[in-house]
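Here is the structure we will look at.
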Amino acid sequence: MGPAELNLADDEQLLLAAAYVSDAQYNRNIQFETSPQAVRFYKLYNHWSTQGITYFFILVDLFLGLFEEPAVYLLPLWVTSTIEFICLVMFSVRLLHFSKVTPTKVFWKDAKNICVIVTILLTLLDMIVYLALAQNGYPAVRWSRVLRPLFCVNFTESRQLRRAFRNIRNSLPEIAYVFVLFMFSVAVFSLMALKLFAKRKLRTGEGAPYFSNYLDVFFNLYVLVTTANSPDVMMPAYEVSWAYSIFFIVFIIVNTYVFMSLFLAVVYNDYKKHLKNEVRKLVYMKHRKMIEAFNILKMKNEAEFVVPHSRWQQLVKLVAADIPSSHRELLWRILDDEQKGYLGRESFIGLADLLNIQIVQMKDRVHPLEKCMPRVYTSTVSKLIRRMVAHRAFRYTYDLIIVINAIFIGGDEMNPLITKAEWAFLTLYLVEILLKLYTHEPRAFFAKFQFWNWFDTIIIVAALLGTIANTALKSSGGYSSQQILDIVFILRVLRLIRIIDSFHRFRVLLNTLVNLIPTMLTYAGLLVVVYYIFAVVGMEAFKGRIHFYGVNSSNPAAAYCGNPALKGSQFAAMRYCRNNFNNLPSAIVLLIELTVVNQWHVLATGFVMVTHLTARIFFVVFHIVVVIILINIFIAFVLEAFFVEHSLARSAMETAIEKKIQELGMGDSVDHPVGSLVEVMETSENDLGNTDDSNLKSRLRFRIASIRYKTVDALLQHMFEGELKPEDDIPTLEEIDNLSPDDFPQKPQTFDNVT
């Protein structure tokens, strides 16, 4: 084999190792073919552009609901059918691409692939049947629309969403036991209520019979658990005798407080157990992939196998091409702590965790004004100004100005004094920004992670432009634009938010929330999927039953929402006509209102009156699925993640990073000119190559970013880091997929590890 063939084989091995490391970094649980062509196909499959195209067509498919009957804007049937067919073709191409990179046996054993194929076939069948019936004038239902969110869940890219659904599914058995006990309790109390009040011929405030039918009693008491109809449901009995209130008080204590708390406790405990199992599988999978990469790159060094520095550099350039060489050098020094020039297996495995931590790289720069006019910028007056701006008294002064501004914002906008004061405050804020730009190097001031500087500047400049535009319109035409005024008012209120940055504990809470946002988005996606399914079902069941005629409509039907069945109803009296299922946005808004649970029984009763008593099933099922199960699971996850993040605890890898940065004297807390640190970008100017220690120390600074993790999985691993210690004997990929919580010994519960 010649040198060219050797280099080609070497490059192919390097690409394969890079694929394994990339999978480990992003926790991709995919078994792919290892041939050179398959690896290139796999790299293309994971490229952001192909993933972006897939997400685009998933969104297009979901948003078709806006233009199909019942529609916000109705498009011809052939248009929506053509667009949906194109989406299905793209989904098929994506699935075909995936089949080319995975072994055939693995592809057909994967349930998500089967689900996508079945969903595509069912959608095509429904489209054909619907088109045939519609063309011949027969009524038809597009039942396959409820399957559209399955594309969002079952493509490989949606692994976090799929994991969330899997954890919910695994937690359902334990939740079911508590739920059955809870429903039994409501049923028993309903029977007691029927026996207590049915024979007394009581009436509700609307004149309807009170607790005379068991199903009505059960529904009303179920609603009482959510407190939506309290104290209304109790009043007819309470008016007769105060003693009847004891029944309702006991019911609320047992079902609202005890059982709902028990739900949260069971959900928290069981969901955490299954989530920990998922994270453990992620850790094992990551270690297995990194071991595969190590085995590809390893070389013999005396009695052990190692990866040399040159090989490691080539690998990291492929896996993380966007980081500067000086950043790569820092990563190497963290892993090669003893400066041996090579990495053993355990050190090499740490690369995946290291790449998942956001490290901000900064560089000392001279202020542009110091370059242009050094004598002026370094003069005594200039230094005094910069010291004043850098002093905390400057910040406290502007905090006071913000508080005073808040008082004026609450005043009457028509008062000339308020208007003049607004110009004064805007001037003060502009002066503040200019002084900060004078003190701090501009690129440091507007660096990527300087959120509050960007926030202040955008808000102030936008408020200034809005105020100028409104003043110009008023002076030229004698009137002001209400839209511009609304924007200006909102910007003025948003300006008050910046005071949060002045308090350390506020900043800690805010940073905690920011770190949780990526994970929260997973659960937001889960809710969107569930909302979409219920919205489609609701539109098919309730479309056209309730109508909204506008705010000041003179149409007599507006008084009862266009349906005589609602005459004299609480639904119509409370002007809930806009709460309907006549299009997708209206359906989503209504479902959000049901999630809040306030007055959800009035909404449900309205739809029961225009359809049938069985319509209650839809609303009760929605409440059980979303409010009792999903919201409690979301709360359980946020609690666990918040405990970890709010503790400000660093992971083991973060601790190693900070230690090495301080050892090298490159932390951003070391003595350097205020405001001169700028985030380093990958340019020829700052790509420093293999620089020596003195050059690195003199030019660069590093710190861990406020948003510490690049992936959701990295946060999950941090949550359970203390309990996840993979043994040397890592399971195979097939064994990892089949792991369950019962395969691991549970940690004994003691006071110390519980607290």
Closest non-hydrogen atom pair, Pro308 against Trp332: C-CH2, 4.3 Å
The single option from Phe41, Tyr42, Tyr45 passing ring-ring contact (aromatic ring centres under 6.0 Å, His included) against Phe98: Tyr45
Exercise: identify the closest heavy-atom pair between Leu318 and Ala18: CB-CB, 4.0 Å
Distance-only side-chain donor-acceptor flag, His47 / Gln51, under 3.5 Å: no
Reported NZ-to-OH distance for the pair Lys273 and Tyr268, which is rounded to 0.5 angstrom: 14.5 Å
Nearest-0.5 Å distance, CG of residue Leu96 to CZ of residue Phe107: 8.0 Å
Name of the residue among Leu297, Val306, Leu343, Ile296 meeting side-chain contact (heavy atoms from CB on, under 4.5 Å) with Arg311: Leu297
Distance, nearest 0.5 Å, that separates OG1 of Thr119 from CG of Asn154: 6.5 Å
Residue that, paired with Lys289, satisfies side-chain contact (heavy atoms from CB on, under 4.5 Å) out of Met285, Glu292, Lys286: Met285
Separation between OG1 of Thr522 and CZ of Arg159, rounded to the nearest 0.5 Å: 10.0 Å
Interatomic spacing from CD1 in Ile323 to CD in Glu329 - rounded to 0.5 Å: 11.0 Å
Side-chain donor-acceptor pair present, Ser22, Arg28, cut-off under 3.5 Å: yes
Stacked cation flag Lys300 on Phe305, 6.0 angstrom / 45 deg: yes
Taking every non-hydrogen atom, the tightest pair across Gly350 and Leu335: C-CD2, 4.0 Å
Residue pairs, two or more places apart or on separate chains, that pass side chain to side chain donor-acceptor pair (under 3.5 Å) and touch residues 97-109: none
Approximate separation, where rounding is to 0.5 Å, of Ile633 CD1 and Ser171 OG: 5.0 Å
Taking every non-hydrogen atom, the tightest pair across Asn170 and His274: O-NE2, 3.2 Å
